[in-house]
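Structure first, then comments.
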Amino acid sequence: MRDDGYFGQYGGSYIPEILFNSQQQLLKEYRSAMADSAFIEQVQQEMQEYSGRPTPLTHCARLSAQIGGAQIYLKREDLNHSGAHKMNNVIGQGLLAKRMGKTRIIAETGAGQHGVASALVAARLGLECTVYMGAHDIERQYPNVFWMKQLGATVIPVTTGAATLKDALDEAMRDWSASYDDTYYLIGTSCGCAPYPEMVSGFQSVIGHEVKTQALKQFGQLPDKIYACVGGGSNACGIFMPFLEDSTELVGVEAGGRGPQVGDHACRFNTPQARFGIAQGFSTRFLQDDQGQLLPTHSISAGLDYVGVSPILADLADRGEVRMISATDEEVMTAFSQLAKNEGIIPALESSHAVAGGLREAATLSPDQHIVINLSGRGDKDLFNIARALNDQPFNTFLRTYLDEEENR
Amino acid sequence: MKQLTSFIQRKRESQPILLMTHVVYGYPTIPESLEIMEMLLKEGVELLEVQFPFSDPVADGPVITEACHVALEQKVTLNQCIEDISVLASTYPESRVLLMSYLNPLIQIGFDHLAEKLSPSISGMIIPDLPIDHKALATPLNDKEIPIIWIVTPGMEPSRIQKIADQAAGMLYCVSRAGVTGQTNSPIDSLESYLNSIRALTQLPLAVGFGISTREDIAMLENKADVAIVGSALLRAFHAGGIQQVKRSLLELKGSNA
């Protein structure tokens, strides 16, 4: 990264002038915090004692045998407190917000995992918390909304636009414009104006550093390939970045959704609607029409249907350091079932994209090769979507009975 | 570049303040938005700011954001927008028309093409997410003497105001309060000293916007600023009673200036 927040042609800071001071203050404080060993120790301590790091690297012997190719390992970010990698970033930024003397944090969330993680860390650090979430995502991910509220956060539904993550991000930026004196904007993925992409990726790179150590210990070499799902890109950046100088191939898996038509997927690579753009405070590859309007997206997973992507990943893909593939909703559900039934692990739908991409390619490799799939989160939050996708009628009957009983109570 | 400045200075010789009204191109439909613009120009607004809608207008509040999203359903194009407002600009030479939009639609059409299309009928360009530090992106506008109207905000360091003022042309857009357009939170306590501090650094006319919605708001700015900018308030008037209500609101806003 360059000092001005660019990664190749991507990144930078394109924010309304009203946010210039706040952005500069953040940049300065972040640099100062990163040079302060006491701050870094505090972050590491919270990651260990509050979130439960290091997370394990799990060998999937049965799944590997069933696929008949490479040895498959999972990096278990689902075992973080809150059930996702999101905790790594909110611990870092939450402590930075405290260091800056802010009393309130705002966050935007798609699947809700970042919202829950933000609400958790706000409660732990004694900060007020407001979470913006697309109304459409609230419908898909209500269990997470429920937990945010129990943690004392205010959840604001965003009804503008497509009512998904990009619209929640717009609203959070508007809030920040009016409240920057006492408020810290806690971005959940490695997007946004500088220094957010670098900062989020930095806090998440604990994932890749642990994998390096664990791989050497568990199978005596670095992985041949690493797979990570790519929405905004924070878990992918986190596991990829420590491997940039190594021979390990890095593979990002995007949301192929229902298919290649406009509005049916969220692929910012390898599709004609994805190209360079500047929006939401930074430049990257955005899905957009010929007038430069950002397009609607779809994924079975609310956490992956962001219209842009981390400028870090856009640059790494341009330079051939990361290969981008995609998995359709259907492939994702198959991968979900394969992992659950063979290994007793219930992955989040986001992570199931990485599993789908990894299983597809593992089959073409030899048994003496090793792949690592970043299991970015656990699937509890996706209970309703998964039940719907699997057309599980007993689940629907259970819900009806539960609601009837509640109404008659 | 000096054309917009001299226009404002000439008008100000006989008026305590000028009015810049804001319209979203294509809202609620393209013909109706043009009808609103024509009415405003006919009624003598000195400056008309036409927003080409963007899907993610992060510096705008809910009223303008919603208008942008509705306008986008009309399949608006930037080329057609420029052609339509250029006709209006030529028809009403006693007013000035400015174009406002966000960076992404502009970089997709390309600043070279934009500068060719805009010249010479459009008097300025407002781009809220283009920081002065990236002004090189818009060099073709500069080459065609189309001023970019830079934005200054409360709490901005004097050195940054100076940096902006040194490179600005046409006028300066002074944001009256923290936040986005259309908010009704109080203006900063020290509005007068804020404007005076900017005035001390530039000879350019000062336009003040964000949250200006009543005749009283405008009266408060008389002889402190050169232009009052009204946006969301007229959209709210449109929602309340269509174009006739916009006209009534405009006359009310102009008060003794009508």
Contact origin within A/Tyr180 toward chain B - heavy atom pairs under 4.5 Å = side chain

request  = Please state whether the side chain, the backbone, both or neither of A/Phe20 comes within less than 4.5 Å of a heavy atom of chain B.
outcome  = side chain

key: A/Ser310 and A/Thr189, any side-chain heavy atoms less than 4.5 Å apart   = no

request  = Between chain A and each of B/Leu130, B/Leu78, B/Asp129, count heavy-atom pairs under 4.5 Å; write down the option with the most.
outcome  = B/Asp129

message = Under a 4.0 Å threshold between the charged nitrogen and the carboxylate oxygen, would A/Arg104 count as salt-bridged to A/Asp181?
response = no

key: Toward chain B, the part of A/Asn21 with a non-hydrogen atom under 4.5 Å   = side chain

query = Can you say whether B/Pro53 sits under 4.5 Å from chain A via the side chain, the backbone, both, or neither, judging by heavy atoms?
reply = backbone

message = With chain B as the partner, which of A/Asp289, A/Thr160, A/Leu19, A/Leu295 has the greatest number of non-hydrogen pairs under 4.5 Å?
response = A/Thr160

Residues in residues 156-165 of chain B near chain A [non-hydrogen atoms, under 4.5 Å] = B/Met156, B/Glu157, B/Arg160, B/Ile164

key: Part of A/Gln288 lying under 4.5 Å from any heavy atom of chain B   = side chain

request  = Side chain from CB out, backbone as N, CA, C, O: work out which of these in B/Ile109 comes under 4.5 Å of a heavy atom of chain A, or both, or neither.
outcome  = neither

request  = State whether the side chain of A/Glu350 and the backbone N or O of A/Gly303 hold a donor-acceptor pair below 3.5 Å, judged by distance alone.
outcome  = yes

query = So what's closer than 4.5 Å to chain A heavy atoms on B/Ile107: side chain, backbone, both or neither?
reply = side chain

task = May I ask you to test the A/Asp137-A/Val158 pair for a side-chain heavy-atom distance under 4.5 Å?
result = no

key: Option from A/Glu254, A/Gln273, A/Arg258 for which side-chain hydrogen bond (donor to acceptor under 3.5 Å, both in side chains) with A/His265 holds   = A/Gln273

query = Quick one: what part of B/Tyr102 sits under 4.5 Å from any heavy atom of chain A, side chain, backbone, both or neither?
reply = neither

ask   = Is chain A contacted by the side chain of B/Thr65, its backbone, both, or neither, given a heavy-atom distance below 4.5 Å?
value = side chain

request  = Taking B/Ser33 for its side chain and B/Gly26 for its backbone only, find out whether a donor-acceptor pair lies under 3.5 Å.
outcome  = yes

query = Do the ring planes of B/Phe210 and B/Tyr173 sit parallel (below 30°), tilted (30 to 60°) or perpendicular (above 60°)?
reply = perpendicular

inquiry  = At a 4.5 Å cut-off on heavy atoms, which part of A/Ser13 comes close to chain B: side chain, backbone, both, or neither?
reply    = backbone

Under 4.5 Å from any heavy atom of chain B - which part of A/Ile15 = backbone

request  = For chain A, find which of B/Val76, B/Ile151, B/Ile132, B/Thr77 contributes the most heavy-atom pairs closer than 4.5 angstrom.
outcome  = B/Thr77

key: Main-chain N/O of A/Pro197 paired to A/Ser201 side chain as donor or acceptor, under 3.5 Å   = yes

ask   = Would a distance-only check, ignoring hydrogens and angles, find a side-chain to backbone donor-acceptor pair under 3.5 Å from A/Arg268 to A/Arg285?
value = no

